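The figures here come from the full heavy-atom set of this structure, side chains too, leaving out hydrogens, waters and symmetry mates. A quick note: this is a predicted structure, and the numbers were derived from the prediction, not measured. To find a chain, count down the sequence lines: A is the first, B the second, and so on, and within it residues start at 1.
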2 protein chains.
Amino acid sequence: MTKLCGLRERKKQQTRAALVDAALALFEAKGFEAATVEEIAATAEVSPRTFFRYFAAKEAVLLAVHDGEFDRVVAAIEQGATLAEAILGTLGDDHEQFRRVQELVAHTPALLATFLERSVEQERRLVDLLLPAAADERQVLRTRLLVAATYAALRVAIESWLTTPGSDCAQHVRDALAMLEQGLVVTG
Amino acid sequence: MTKLCGLRERKKQQTRAALVDAALALFEAKGFEAATVEEIAATAEVSPRTFFRYFAAKEAVLLAVHDGEFDRVVAAIEQGATLAEAILGTLGDDHEQFRRVQELVAHTPALLATFLERSVEQERRLVDLLLPAAADERQVLRTRLLVAATYAALRVAIESWLTTPGSDCAQHVRDALAMLEQGLVVTG
DNA sequence: ACGCCAAGTGGCAGTCTGTGCCACTTTGGC
DNA sequence: GCCAAAGTGGCACAGACTGCCACTTGGCGT
């Protein structure tokens with residue numbers, strides 16, 4: 001965990017938050033590609049050089065927003081929760097920042113690409129986590145498929161949620177997962 | 001289809017192919033990010049400016065390799081094939097260029113991101129194609145889920161295929177789709 | 001055979017992302 | 001208070017990509 005004792009560490013978190021806020025606002029105001037790192041840094045009162053010390057790339061600012069949520073999913077699984085339970089659990093307290101980011105992602109191909117790639121990384125970690133120590137080949141495949149399909153369902157659910165004003169995100173996810181579990185007619 | 005009558009058109013296809021070959025070879029030799037557009041263009045005996053007239057971005061060279069295959073999937077569906085049939089149909093004649101590209105994608109996060117984004121675009125087109133004119137909300141959701149899950153299975157299958165030397169790609173895909181159809185235990 | 005038009009190309013200047021390096025300030029431990 | 005370490009800014013630079021303009025060349029009518 002991050003220490004919050006020193007002044008140094010507090011300033012860092014503060015700068016980080018300022019960068020995220022600035023980026024989110026600017027992306028929403030003028031679009032992801034039109035907003036430059038220079039502007040974001042200026043808004044957060046920091047040099048562009050420093051921006052890249054906090055985030056490896058322009059897109060990474062938004063990635064950072066959700067990292068905490070994934071950690072909670074991992075934690076839940078480590079305590080014995082199923083994948084579905086873990087995901088649904090973190091969706092409860094909807095930070096509206098989550099919606100803002102997802103809205104941006106849905107409208108910006110470059111951001112979508114970044115997020116999908118991050119999803120694959122997360123999928124790999126989850127597979128390792130869910131897999132028993134000694135698993136046969138078939139078990140591995142089944143788990144990979146489970147996680148990948150769950151993420152696919154999550155993505156479909158979020159899209160559906162974004163286009164349905166006032167709806168509950170968790171409910172969309174539950175519906176999608178239920179459909180998945182009951183078995184898709186792949187041949188239809 | 002592309003006309004092949006004129007000399008002009010032939011030269012264009014030739015340049016395009018030269019760029020693809022050069023890019024593929026250079027990416028394999030020194031890695032995607034280490035290979036510069038300048039080098040690729042030079043190898044294909046063309047100016048860097050011209051490279052970007054053929055491909056919108058450095059990654060797009062590899063995207064182009066698979067565009068033809070997706071068109072075949074679309075064509076098959078328009079002639080009444082199911083999604084699974086259409087996909088398995090195009091996988092038969094395995095161009096080894098397909099494997100080379102997938103190998104690169106698997107090892108290069110930036111390429112993976114681009115390909116996943118392209119996958120989402122393809123998914124959207126397939127959903128429109130598979131959906132009857134008047135479909136209720138539930139039908140739409142089910143179709144989106146079907147396509148997204150199928151692509152997830154495809155991705156898992158390809159990964160599995162790449163890491164199993166000498167195996168048949170189509171067989172991996174069939175196995176994955178079968179698992180999907182029989183219903184995943186989401187709560188496991 | 002000639003010449004015109006449009007398509008294709010190259011070069012150049014310029015923007016933006018991202019990185020390495022070095023000097024400078026600040027913080028936390030002693 | 002002093003010193004190493006952490007954090008920051010500025011600079012120079014590479015590489016991806018774009019707009020613009022001048023130039024060449026293939027297609028085509030006459």
Just to be sure I understand the rule, does B:Tyr54 reach a base, reach only the sugar-phosphate, or reach nothing, if contact means heavy atoms closer than 4.0 Å? sugar-phosphate
To the nearest angstrom, the NZ-C1' distance between A:Lys58 and C:dG18 comes to 12 Å
N/O to N/O distances under 3.5 Å, protein versus nucleotides 4-7 of chain C:
{"residue": "C:dA7", "atom": "O4'", "partner": "B:Arg8", "partner atom": "NH2", "Å": "3.4"}
{"residue": "C:dA7", "atom": "N3", "partner": "B:Arg8", "partner atom": "NH2", "Å": "2.8"}

First and last nt of DNA chain D near chain B, cut-off under 4.0 Å to heavy atoms, 5' to 3', are D:dG15 to D:dG27
Between CZ of B:Arg16 and P of C:dG8 the distance, given in whole Å, is 12 Å
Are A:Met179 and B:Arg144 side-chain neighbours, meaning at least one heavy-atom pair lies under 4.5 Å?
-> no
Residues passing the ring pair (Phe, Tyr, Trp, His ring centres under 6.0 Å) test with A:Tyr151, sequence neighbours excluded, are none
Hits for side-chain hydrogen bond (donor to acceptor under 3.5 Å, both in side chains) against A:Gln171, two or more places apart or cross-chain, chain-then-number order -> A:Arg174, A:Asp175
Hits for side-chain hydrogen bond (donor to acceptor under 3.5 Å, both in side chains) against B:Arg142, two or more places apart or cross-chain, chain-then-number order -> none
Atom CD of B:Gln13 and atom C1' of C:dG8 are separated, to the nearest Å, by 13 Å
note: A:Glu9, atom CD; C:dT27, atom C1'; distance rounded to Å ~ 12 Å
Hey, can you pull the donor-acceptor pairs under 3.5 Å for the side chains in residues 130-141 of chain B, sequence neighbours left out?
{"residue": "B:Asp136", "atom": "OD1", "partner": "B:Arg138", "partner atom": "N", "Å": "3.1"}
{"residue": "B:Asp136", "atom": "OD1", "partner": "B:Gln139", "partner atom": "N", "Å": "2.7"}

For A:Ala157 and A:Ala176 the tightest heavy-atom approach is CB-CB, 4.1 Å
Check your understanding: A:Val105 versus A:Ile158: any side-chain heavy-atom pair under 4.5 Å?
Key -> no
For A:Ala148, the side chain to side chain contact (heavy atoms under 4.5 Å, CB included) test, sequence neighbours excluded, returns A:Glu123, B:Ala152, B:Arg155, B:Val156
Residue set satisfying ring pair (Phe, Tyr, Trp, His ring centres under 6.0 Å) with A:Tyr54, at least two apart, ordered chain then number -> none
Residue set satisfying side chain to side chain contact (heavy atoms under 4.5 Å, CB included) with A:Leu26, at least two apart, ordered chain then number -> A:Lys30, A:Ala35, A:Glu39, A:Ile40, A:Thr43
Students should find that the end-to-end axis angle of the helix from C:dA1-D:dT30 to C:dC30-D:dG1, with five pairs defining each axis and rounding to 10 degrees, is 20°
Expected list for residues 20-45 of chain B near DNA chain D, using heavy atoms below 4.0 Å, is B:Ala35, B:Thr36, B:Val37
Original post:
Going by an N to O cut-off under 4.0 Å, is there a salt bridge joining B:Arg99 and B:Glu96?
Top reply: no
Separation of C:dT15 atom C1' from B:Phe52 atom CZ, nearest Å, is 14 Å
Those residues at least two apart in sequence (or on a different chain) that pass side chain to side chain contact (heavy atoms under 4.5 Å, CB included) with A:Val65 are A:Val20, A:Gln97, A:Val101
Between A:Asp67 and the options A:Arg72, A:Arg118, A:Arg16, the salt bridge (Lys or Arg N to Asp or Glu O under 4.0 Å) test singles out A:Arg118
